[in-house]
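Before any comments, here is the structure.
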Amino acid sequence: MIDVRNLTYSIGGRILLNDLSFYLPTDGTIGIVGANGCGKSTLFRLILGDISSDQGTIIKPNASKVVTVRQEIKDDSVGLLNFVLQSDRDLMDLRRASEEEQDGMKLAEIFEKIEAIDGFNAEIRASTILSGLGFLNEDLQKPLKDFSGGWQIRAALGATLFAPSDILLLDEPSNHLDFETSLWLRNYLQRIHGQKTIIIVSHERDFLNTLCDKILHLPSGILYAGNYDIFIETRANQQQALAKRIEKQETARKHLQSFVDRFRYKASKAKQAQSRIKMIEKMEKLPKLDRDYTVRFSFPNPKPIDRVLIQVKKGIAGYGDHIVLEDLNLKIDAGDRFALLGANGNGKSTLVKVLSDRLALFDGVTEFAKKLQIAYFSQHLTDELDVTKTPFEILSTVLSDSNETQVRSQLARFGLMQQKSDTRVKNLSGGEKTRLLLAIITRQAPHILILDEPTNHLDIEAKDALIEALNEYEGAVVLVSHDFYLIESVSDQLLLVKDRRCQPFTGDLNDYVEVVLAEKRATKKSENTAKERDQSPLKNEKKRKQIAKELEKIEKIIGELTQKKKILEEKLSRNYTHENAEKLDNISENLSSQEQEWLNLSRSFENLAVPKDAAI
């Protein structure tokens with residue numbers, strides 16, 4: 001459990017968390033929600049002890065292990081699998097000790113500790129997590145420096161999930177994942193629910209609804225029972241009830257104050273006026289209504305053109321000599337709403353580049369309607385914004401023929417009002433940069449929106465605004481996203497990109513989820529069988545070495561006891577004494593016990609024999 005009492009934290013003179021008190025129960029999964037900048041990530045840092053509060057305390061169980069995804073990688077030359085294994089420090093210490101220890105009994109104790117933490121299966125467990133996160137078997141020995149930044153973040157997530165923990169803190173864990181990997185993560189966290197305290201910051205409704213049994217709202221610090229949808233309903237009812245109480249109290253206060261104002265200085269009514277003044281002073285101090293920020297997006301609707309916007313016929317696409325997609329046949333009509341499914345690396349980005357006219361086909365034909373305006377969004381494009389300029393300055397350059405009112409109107413479509421539109425890009429949040437990019441790419445009222453992970457830095461309220469705007473937009477939409485709720489809310493056709501093909505998926509999103517889970521179960525079973533086959537000889541050989549050392553030690557003891565027994569027997573044959581007879585009995589009993597132990601260990605040693613054709 002985590003017991004937070006009167007917690008206050010400020011930054012730059014601004015109070016971020018104000019006198020919060022709440023209790024997070026053990027073995028639950030808690031979602032933390034609130035608008036961007038309300039202090040969610042700050043609370044994580046306070047729990048971790050990375051920063052200190054201005055006042056108040058955070059009480060955690062003694063010796064509890066708190067882990068989170070660390071963004072920095074100190075040594076990127078280490079192999080992927082070893083990087084994950086190293087997150088279990090106890091296991092690493094025990095393995096080092098087993099390599100250095102020469103005493104058989106102590107070595108036996110070390111191996112028992114390794115067994116107790118399932119250390120002999122550590123490689124299997126780690127590689128299973130990495131496989132779920134999208135890594136291939138051939139990736140396991142590659143150094144981290146061979147992977148891109150996004151894949152390094154996945155590796156860091158894998159290390160966090162593998163590390164032993166009592167409290168697991170996950171801040172937007174699905175942001176750098178595709179739909180299939182995000183689905184795996186959701187199911188993995190479901191499986192470990194109840195084994196530890198899991199605290200998640202997420203802007204994905206599906207994640208919060210599926211995983212969480214409690215929701216902590218910031219900045220109020222109120223803990224709600226249930227998932228996100230229940231939280232929304234409960235909080236709305238509470239706010240509605242509070243609004244009625246405030247209105248009723250204000251009506252009563254005005255009535256009392258009216259009496260006071262009329263009769264305060266009239267001698268015959270002065271006593272009654274004073275009584276009403278005291279009644280006003282004793283009125284309950286009700287909390288203020290939460291003023292949730294609202295944001296609204298609006299995509300300009302396109303002018304009508306040909307019904308068929310884009311058509312690809314017998315397309316073959318790729319890079320250099322590498323073919324990524326072939327036999328590509330796809331038609332996009334005005335008003336179509338497609339979502340692209342398929343694991344990373346299957347060709348979704350390649351298809352998006354073809355459709356946005358950023359990649360020419362090796363073979364085949366791509367036909368675009370005359371006067372077609374295409375808007376293409378990719379998260380990496382936000383990194384290309386000039387951070388020294390303001391949104392207004394950037395959009396004014398792009399809309400060189402527009403006046404100030406028109407430029408600001410386009411920015412306002414995406415919630416960038418005057419204050420934000422005049423703030424330098426370097427001081428904008430990730431979500432605000434996303435809004436700016438959406439304002440830029442839609443300036444010409446495009447006929448089709450091609451959106452590649454548009455919600456990575458948007459909070460739930462902004463995502464809802466995006467969904468509403470997309471549903472009101474009259475043009476076509478092609479969407480790549482790992483957000484289940486977004487896909488389900490916006491798209492009406494699913495395209496599966498897999499095995500170099502792009503084909504319609506005939507079921508709905510829930511059907512696709514079942515397909516993905518079934519494939520992952522089959523892959524996991526096959527991989528685990530192979531890994532167990534590969535690992536068991538190594539595991540057995542380690543145990544055989546342990547037993548061999550113990551046998552060697554026992555053989556030495558048996559030799560010493562046998563020699564002592566022989567000497568005593570010779571002494572007793574020449575001169576019997578009661579003292580030597582007792583010593584002989586003790587030695588004989590000890591010798592018998594050691595011989596029995598030797599026999600037991602010998603059987604175990606033989607049972608662990610490694611087949612000649614097994615790989616060690």
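One-based numbering along the sequence shown.
The pair D50-R70 meets the salt-bridge criterion, with a side-chain N (NZ, NE, NH1 or NH2) lying under 4.0 Å from an Asp/Glu carboxylate O. A salt bridge is defined here as a Lys NZ or Arg NE, NH1 or NH2 lying under 4.0 Å from an Asp or Glu carboxylate O, and K463 with D483 meets this definition. Salt bridge R205/D464: present, at least one basic N to carboxylate O contact under 4.0 Å. Electrostatic pairing of K498 and E519 counts as a salt bridge here, judged by a charged N lying under 4.0 Å from a carboxylate O. With respect to D93 and K113, no salt bridge is recorded, no charged nitrogen being found less than 4.0 Å from a carboxylate O.
Separation of atoms OG (S378) and CD (E453) is listed at 9.0 Å; rounding is to 0.5 Å. Note that NZ of K145 and CD of Q152 are 11.5 Å apart. Values are rounded to the nearest 0.5 Å. Here I323 contributes atom CD1 and R500 contributes atom CZ; the two are 5.5 Å apart, rounded to the nearest 0.5 Å. Atom OG1 of T506 sits about 9.5 Å away from atom CG of L494, to the nearest 0.5 Å. A distance of 5.0 Å separates CG of N344 from CZ of R154, quoted to the nearest 0.5 Å. Separating the CG atom in L223 from the CG atom in L24 is a distance of 6.0 Å, to the nearest 0.5 Å.
Side chain of S131 to backbone of T128: no donor-acceptor contact under 3.5 angstrom is found. Using a distance-only test at 3.5 Å, with no hydrogens or angles considered, no donor-acceptor pair links the side chain of E99 to the main chain of R96. No donor-acceptor pair closer than 3.5 Å links the side chain of S182 to the backbone N or O of D178. Between the side chain of D511 and the main chain of D508, a donor-acceptor pair closer than 3.5 Å is present. Under the 3.5 Å distance criterion, the side-chain polar atoms of D139 are left unmatched by any main-chain donor or acceptor of F135. Judged purely by atom type and a 3.5 angstrom limit, K142 has no side-chain atom pairing as donor or acceptor with the backbone of L80. Checked by atom type and distance alone, the side chain of T197 pairs as donor or acceptor with a backbone atom of D27 at under 3.5 Å. S491 contributes no side-chain N or O that, together with a main-chain N or O of A339, makes up a donor-acceptor pair within less than 3.5 Å. Formation of a donor-acceptor pair under 3.5 Å by the S489 side chain with backbone atoms of I467 is not found in this model.
With contacts defined as side-chain heavy-atom distances shorter than 4.5 Å, the pair L183/L517 qualifies. The side-chain heavy atoms of L218 and I32, taken from C-beta on, include a pair separated by under 4.5 Å. Contact check for I332 versus F338: side-chain heavy atoms found under the 4.5 Å cut-off. L355 has its side chain out of reach of I374: every pair of non-hydrogen atoms, C-beta onward, lies at least 4.5 Å apart. N456 has its side chain within reach of H482: a pair of non-hydrogen atoms, C-beta onward, lies under 4.5 Å apart. Taking the side chain as every heavy atom from C-beta outward, L168 and L170 approach each other to under 4.5 Å. Side chains of L381 and F377 form no contact here, defined as non-hydrogen atoms less than 4.5 Å apart. Two residues are said to be in side-chain contact when any heavy atoms from C-beta on lie closer than 4.5 Å; T29 and L189 fail this criterion.
Side-chain contact annotation: S202 with Y228, donor-acceptor N/O pair under 3.5 Å absent. Between the side chains of S41 and D171, at least one donor N or O lies within less than 3.5 Å of an accepting N or O. D327 and N329 share a donor-acceptor pair across their side chains, judged by distance under 3.5 Å alone.
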| request: Go through the steps for L325 and R501 under the test side-chain contact (heavy atoms from CB on, under 4.5 Å), then give the verdict. | output: CA-CA 6 Å; L325 295 170; R501 299 291 194 275; over 6 Å; no
| Candidate pair L216 and V33, rule side-chain contact (heavy atoms from CB on, under 4.5 Å), full reasoning | CA-CA 6 Å; L216 176 66; V33 302; over 6 Å; no
| message | side-chain contact (heavy atoms from CB on, under 4.5 Å) for D3 and I58? Distances and angles first, verdict last. | response | CA-CA 6 Å; D3 189 4; I58 298 178; over 6 Å; no
| task | Mind running side-chain contact (heavy atoms from CB on, under 4.5 Å) on L94 and I117 for me, showing each step along the way? | result | CA-CA 10 Å; L94 288 169; I117 62 173; 3.9 Å; yes
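A pairwise comparison of heavy atoms in L470 and R337 identifies O-NH1, 2.8 Å as the closest pair. Looking at every heavy atom in both residues, T181 comes nearest to L133 through CG2-CA, 3.4 Å. Of all the heavy atoms in S174 and L185, the pair that sits closest is N-CD2, 4.4 Å. Closest approach of S481 and I487 over heavy atoms only: O-CD1, 3.2 Å. Considering every non-hydrogen atom in both G320 and F362, the closest pair reads O-CZ, 3.3 Å. Across all their heavy atoms, C38 and L17 have their closest contact at O-CD2, 3.8 Å.
Residue pairs meeting the salt bridge (charged side-chain N to carboxylate O under 4.0 Å, His left out) criterion with at least one member in residues 180-190, sequence neighbours excluded: R186-D206. Every pair passing ring-ring contact (aromatic ring centres under 6.0 Å, His included) that includes a residue from residues 187-215 is listed here, sequence neighbours excluded: W184-Y188.
Annotation: K353, atom NZ; neighbour count of heavy atoms from other residues, nucleotides and ligands within 6.0 Å does not exceed 12. Crowding of Q493 atom CD: a count of heavy atoms from other residues, nucleotides or ligands under 6.0 Å exceeding 12. Remark: R89 CZ is loosely packed, at most 12 non-hydrogen atoms of other residues, nucleotides or ligands lying under 6.0 Å away.
Between F147 and F83, the distance from one ring center to the other does not fall under 6.0 angstrom.
With sequence neighbours left out, E488 forms a side-chain contact (heavy atoms from CB on, under 4.5 Å) with F484, L509, N510.
Classification of the F505-Y512 ring pair by plane angle, with boundaries at 30° and 60°, yields perpendicular.
The only member of I30, D213, I192 that meets side chain to side chain contact (heavy atoms under 4.5 Å, CB included) when paired with I198 is I192. None of D88, D90, D166 except one satisfies the salt bridge (charged side-chain N to carboxylate O under 4.0 Å, His left out) rule with K65; the exception is D90.
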